[in-house]
Q: 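Please see the structure below; I have some questions.
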Amino acid sequence: MSRIWSFHGGIHPPENKQQSLLKPLRQAPIPPQLIIPLQQHIGAPATPLVEVGQRVLKGQAIAEPSGHVSIYQHAPTSGVVSAIGNYSVPHPSGMEGLCIQIDTDGKDEWIEHQGVDDFRSLEKPALAEMIRRAGISGMGGAGFPTEIKLHLADDHIINTLIVNAVECEPYITADDMLMRERAEQVIGGIEIAAHLIKPTHCLIGIEDNKPEAAMALTQAARASEIEIEVVVVPTKYPSGGEKQLVKLLTGVEVPFGKIPADIGIVVQNVGTMSAVNQAVKRGEPLISRITTLTGDALESPGNFEVLLGTPVEFLLQQAGLNPMTLNRLVMGGPMMGYTLSDTAVPVVKTSNCVIAATEEEFPQAPPAQNCIRCGQCEQVCPAELLPQQLHWFAKGKEFDKAQSFNLMDCIECGACAYVCPSNIPLVQYYRFAKGEIRREQAEQRKAEQARIRFEARQERQEREKEEKAAKRKARAEAASRSQANRKDQLATGKPASVDPQEQVKKLKTEAAVARTKLKKAEKALAEDSTNAELQAAVEAARSKSEQAQQALEAAEKASPAPAPTLAELKIAAATARTKVTKTEKALADAEAKGAASADKLRASLDGLRAKAEAAQQALEKAEQAEKADSAGKPAAPAADLKQLKSAASIARTKLKKAQKALDQAREEGADTTELEQQLATAQQKVDTTQQAFEAAEKAADQADGGQAAPAADAPDLKAPDLKQLKSAASIARTKLKKTQKVIDQAREDGKDTSALEQQLAKLQQKADDAQKAFEAAENAEQSSSPAPQPATDKPDLKALKSAASIARTKLKKTQKVVDQAREDGKDTNALEQQLAKLQQKADDAQKAFEAAEQAEASNSMSHADTGSNLKAPDLKQLKSAAAIARTKVKKTEKALADAQAQGSESADSLATALDKLKAKASQAEQALAEAEQNSETVG
């Protein structure tokens with residue numbers, strides 16, 4: 001049996017659930033009109049597939065996804081599309097949205113549909129595609145597309161599937177009734193989800209105030225082929241929150257800015273699992289849901305299975321609404337729901353409850369008063385935030401401070417407002433602040449994109465300007481050569497020499513002109529085919545065109561084509577790689593969908609790979625040839641280092657901005673294909689500009705030093721700049737980490753990472769080279785420094801102690817990163833190598849400090865023996881040193897005990913450090929005792 005943990009905060013409001021559980025589940029009738037919003041989920045709205053006047057059948061797709069995070073919408077019954085326009089939709093702001101209106105015909109005619117008897121016989125992509133085409137989104141929360149949460153990458157390991165059956169908010173009983181009457185459907189959906197994500201165990205979390213539902217689920221789970229555990233948790237609001245339920249059932253906290261899938265957990269709602277079962281086993285899309293109708297203004301409250309798009313006013317009539325007693329209409333629960341100002345809004349996929357409350361049931365909220373700083377809001381906050389601070393920041397429009405206090409982690413559960421004695425509507429302030437923050441971020445993204453477009457336009461104009469100048473210069477040079485040839489011809493009487501390339505260019509122009517004249521003559525002949533003059537003109541034009549083409553071909557054979565430049569070869573290789581990547585992606589999509597074009601794409605991919613390999617080989621040969629040529633030739637004039645450095649800096653800045661835009665788009669669930677291509681282009685430009693700058697810098701250094709290698713003992717040569725080398729190594733490591741982060745995100749998204757992994761390998765090599773260069777320069781500087789003289793200056797103990805402390809701090813941080821990477825199941829080889837180097841540096845720094853400390857102690861003792869006029873050791877300092885040493889021993893002993901209790905790998909290093917600290921503490925105690933004894937003797 002699974003253990004149950006607890007989470008911070010929570011409240012126990014009155015449940016008020018019994019009034020809607022007195023009657024069994026009822027089927028709501030078909031309304032005269034249905035209004036289907038195109039956005040009933042998180043992400044981009046769907047795109048209509050139907051037109052006004054078109055007849056649709058029940059289950060027919062009427063809108064398709066418009067992006068990665070988007071879902072299908074279907075016709076809940078048969079009828080005619082009467083309008084496509086903006087209507088009021090369920091939203092706290094009372095906003096309108098694009099909707100499809102269907103006039104129902106009452107026939108309820110289905111499209112042809114069919115499920116699968118054995119879903120395990122399907123491939124995972126095909127099974128996930130069935131769920132996607134059924135238009136299923138989360139039915140217990142914000143409506144995240146279900147297919148995305150269940151169709152993860154093959155290397156994304158999921159340990160636990162949690163099914164949320166808590167339904168903790170008062171009044172709502174839709175999931176409770178579903179589990180009582182359709183527990184087999186819920187278990188069937190869990191089996192399908194488990195087949196897709198392969199968790200090690202499945203848990204259903206349900207509160208202890210639903211005994212009938214828990215019993216029904218337990219009996220259905222026993223008949224399942226997989227092991228499903230029903231875990232009953234104590235009743236506390238908001239235990240149905242995703243992160244709170246994960247903590248309750250597993251004891252694991254979802255890190256800030258992460259989702260449960262990042263730590264190997266997937267959470268789904270019981271209503272979502274039932275919809276998945278219906279979609280796969282019966283082929284039925286999500287066109288209805290169970291909704292609770294409750295409140296004292298209803299004569300017959302209960303749970304109804306409602307067609308999506310049913311107007312709320314029609315639905316309330318089925319439950320016997322008394323308009324005279326109705327005071328407030330709430331969509332959702334009393335804690336997280338919102339007031340409906342328009343009863344014409346439709347039921348959507350996330351509509352789990354409608355409350356028709358009287359004035360006694362939901363009285364008018366008293367006026368808000370000033371905060372008295374009681375701290376009750378902080379005590380009940382399940383997200384462990386500081387609601388009081390967030391309220392002040394939101395009220396003062398200090399949105400940056402609110403973000404720094406993790407406002408975006410607020411789940412808007414309303415627990416803080418429930419316990420507030422000053423009646424402050426805290427959640428309204430938080431929603432306002434979140435909306436303003438999102439609006440500012442959207443404006444910043446637009447401004448950034450406009451700036452990027454403006455800079456790209458400037459670059460393009462500058463490039464075109466340079467190209468035009470180069471063409472003008474080439475034409476001027478060609479004209480100059482032609483004029484010189486004519487002068488030579490006049491002077492010597494010999495025919496002028498003709499540039500073969502210029503001749504080919506001239507013949508190409510003549511052949512193109514001849515073809516154009518031929519087309520015009522043929523067109524004229526087509527209009528008047530009996531004209532003999534036009535026929536003769538066509539024949540003459542055809543003859544001239546053929547002669548011009550033959551002359552061009554002969555000239556091209558006689559003059560070899562100019563060898564492509566290195567830049568052209570690089571562009572050709574990059575273009576070939578891009579085509580291969582795009583074709584691989586298209587092939588993967590075609591194979592996933594079972595398209596007939598997969599064979600053609602596969603054949604095309606083989607040819608593109610061969611071309612890409614040939615282009616890469618040509619580039620490598622050209623680079624080798626250029627290196628060989630440069631080795632035997634004097635150095636070219638040095639490039640403008642300042643301009644090259646500036647270009648490299650600008651390219652790095654653009655790369656950072658492109659990375660930021662990509663991260664933001666991923667957080668919002670938008671399509672990132674174009675942004676990823678921009679990032680790859682920016683990374684390529686960074687590499688190119690950096691290589692150009694480094695090559696120019698190297699050439700400049702060689703030019704300054706002369707052709708001959710400098711003598712090893714030349715005293716005037718400038719030593720390598722350690723600061724610059726250290727900075728270069730740090731930058732290389734940072735790039736390596738960022739690229740690794742991009743690869744991890746791409747893997748989570750199920751995207752192809754081959755190109756990024758090649759880039760990662762190059763960055764790893766650069767980082768290793770930069771680190772080696774820095775260490776070599778550091779060693780060279782140490783070896784070239786003069787040997788220490790037996791003198792006079794004492795070693796700087798303070799500096800050595802500080803260096804040892806910094807080395808230990810770096811070692812601890814790296815150890816922490818290694819432990820976290822091991823927990824996440826990531827490759828730690830590179831980190832462990834870095835850890836070993838830091839351990840060696842920490843040991844060396846500690847030895848240097850201890851050696852200097854011992855030397856100073858022996859010096860002070862020898863001075864004490866040579867004369868009584870020397871100053872005695874400072875007892876106060878020795879006492880302080882002994883006390884500090886004892887404190888360090890105690891702290892290290894405590895840290896070692898904790899590490900051994902947790903089974904951490906750092907226990908061995910802590911034990912070694914403890915032995916050293918004990919030895920130092922013993923030396924300090926001994927020095928103090930000797931100094932006290934000497935002072936007594938002298939006294």
Side-chain angles (χ1 to χ4, degrees), residues 4-17 92 141 166-172 205 207-209 233-248 251 253-256 328 330 332-339 353 355 357 359-437:
I4 299 174
W5 281 261
S6 183
F7 61 87
H8 180 272
I11 57 177
H12 296 84
E15 295 179 5
N16 293 320
K17 291 177 179 280
V166 171
E167 198 171 41
C168 58
E169 190 157 1
Y171 283 91
I172 308 176
E207 283 186 315
D208 55 12
N209 62 353
V233 301
T235 299
K236 182 170 72 168
Y237 178 82
S239 55
E242 187 175 61
K243 294 186 178 181
Q244 286 69 41
L245 185 59
V246 169
K247 181 69 182 296
L248 271 175
E253 289 190 6
V254 180
F256 168 71
R328 186 179 170 197
V330 176
M335 302 299 296
M336 298 183 69
Y338 49 90
T339 301
C353 181
I355 304 174
E359 187 172 0
E360 294 80 10
E361 197 173 9
F362 283 3
Q364 187 70 25
Q369 300 177 7
N370 292 331
C371 175
I372 61 174
R373 304 184 182 182
C374 63
Q376 292 187 43
C377 54
E378 184 275 332
Q379 295 173 15
V380 301
C381 178
E384 300 185 57
L385 303 177
L386 297 174
Q388 175 188 356
Q389 293 288 112
L390 295 174
H391 164 239
W392 288 335
F393 293 146
K395 191 173 182 180
K397 298 184 178 180
E398 297 178 288
F399 303 129
D400 54 342
K401 292 183 180 179
Q403 275 190 287
S404 67
F405 275 70
N406 302 326
L407 170 66
M408 306 311 284
D409 269 4
C410 171
I411 61 174
E412 302 178 18
C413 65
C416 53
Y418 183 81
V419 301
C420 180
S422 298
N423 302 309
I424 301 173
L426 294 169
V427 177
Q428 295 182 23
Y429 281 102
Y430 303 154
R431 286 175 177 167
F432 161 73
K434 286 182 179 180
E436 290 298 305
I437 289 170

Q: For E242 and V254, run side chain to side chain contact (heavy atoms under 4.5 Å, CB included): C-alpha distance rounded to whole Å, both residues' side-chain angles, the deciding distance at 0.1 Å, then the answer.
A: CA-CA 9 Å; E242 187 175 61; V254 180; over 6 Å; no
Q: Count the heavy atoms belonging to other residues, nucleotides or ligands that lie under 6.0 Å from CD of E359, then report whether that count exceeds 12.
A: no
Q: Please set out all donor-acceptor pairs under 3.5 angstrom arising from side-chain atoms of residues 395-422, sequence neighbours excluded.
A:
| residue | atom | partner | partner atom | Å |
| --- | --- | --- | --- | --- |
| E398 | OE2 | K401 | NZ | 3.1 |
| S404 | OG | K401 | O | 2.6 |
| E412 | OE1 | R431 | NE | 2.8 |
| E412 | OE2 | K434 | NZ | 3.2 |
| S422 | OG | N370 | O | 2.8 |

Q: Minimum heavy-atom separation for Y237 and P13, please, with both atom names.
A: CB-CD, 3.9 Å
Q: Over all heavy atoms of both residues, which pair between S239 and P234 is shortest? Give the atoms and the distance, please.
A: OG-O, 4.4 Å
Q: Are any of the side-chain heavy atoms of M335 and P238 separated by less than 4.5 Å?
A: no
Q: Tell me whether Y429 contacts the main-chain N or O of I424 through its side chain, where contact means a donor paired with an acceptor under 3.5 Å.
A: no
Q: Tell me, please, which residues at least two apart from E253 pass side-chain hydrogen bond (donor to acceptor under 3.5 Å, both in side chains).
A: K247
Q: Got a donor-acceptor contact below 3.5 angstrom from the H8 side chain to the A383 backbone?
A: no
Q: Can you tell me how far apart CG (L385) and CD (E378) are? Round to the nearest 0.5 Å.
A: 9.5 Å
Q: Counting C-beta onward and ignoring hydrogens, is there a side-chain heavy-atom pair between P334 and E169 closer than 4.5 Å?
A: yes
Q: Kindly indicate, with the supporting measurements, whether the criterion side chain to side chain contact (heavy atoms under 4.5 Å, CB included) is fulfilled by V166 and Q244.
A: CA-CA 11 Å; V166 171; Q244 286 69 41; over 6 Å; no
Q: Distance from Q376 atom CD to Q388 atom CD, nearest 0.5 Å?
A: 11.5 Å
Q: Ignoring hydrogens, what is the shortest heavy-atom contact between I355 and C353? Give both atom names and the distance.
A: CG1-SG, 3.7 Å
Q: So N16 and E361, do their side chains get closer than 4.5 Å, heavy atoms only?
A: no
Q: Output all residues satisfying side-chain hydrogen bond (donor to acceptor under 3.5 Å, both in side chains) with S6, sequence neighbours left out; order by chain, then residue number.
A: none
Q: Going by heavy atoms in the side chains, are Y171 and V330 under 4.5 Å from each other?
A: no
Q: Evaluate F7 against K236 for side chain to side chain contact (heavy atoms under 4.5 Å, CB included), listing each step before the verdict.
A: CA-CA 10 Å; F7 61 87; K236 182 170 72 168; 3.5 Å; yes
Q: What heavy-atom pair brings R328 and T339 nearest, and what distance separates the two atoms?
A: NE-OG1, 2.9 Å
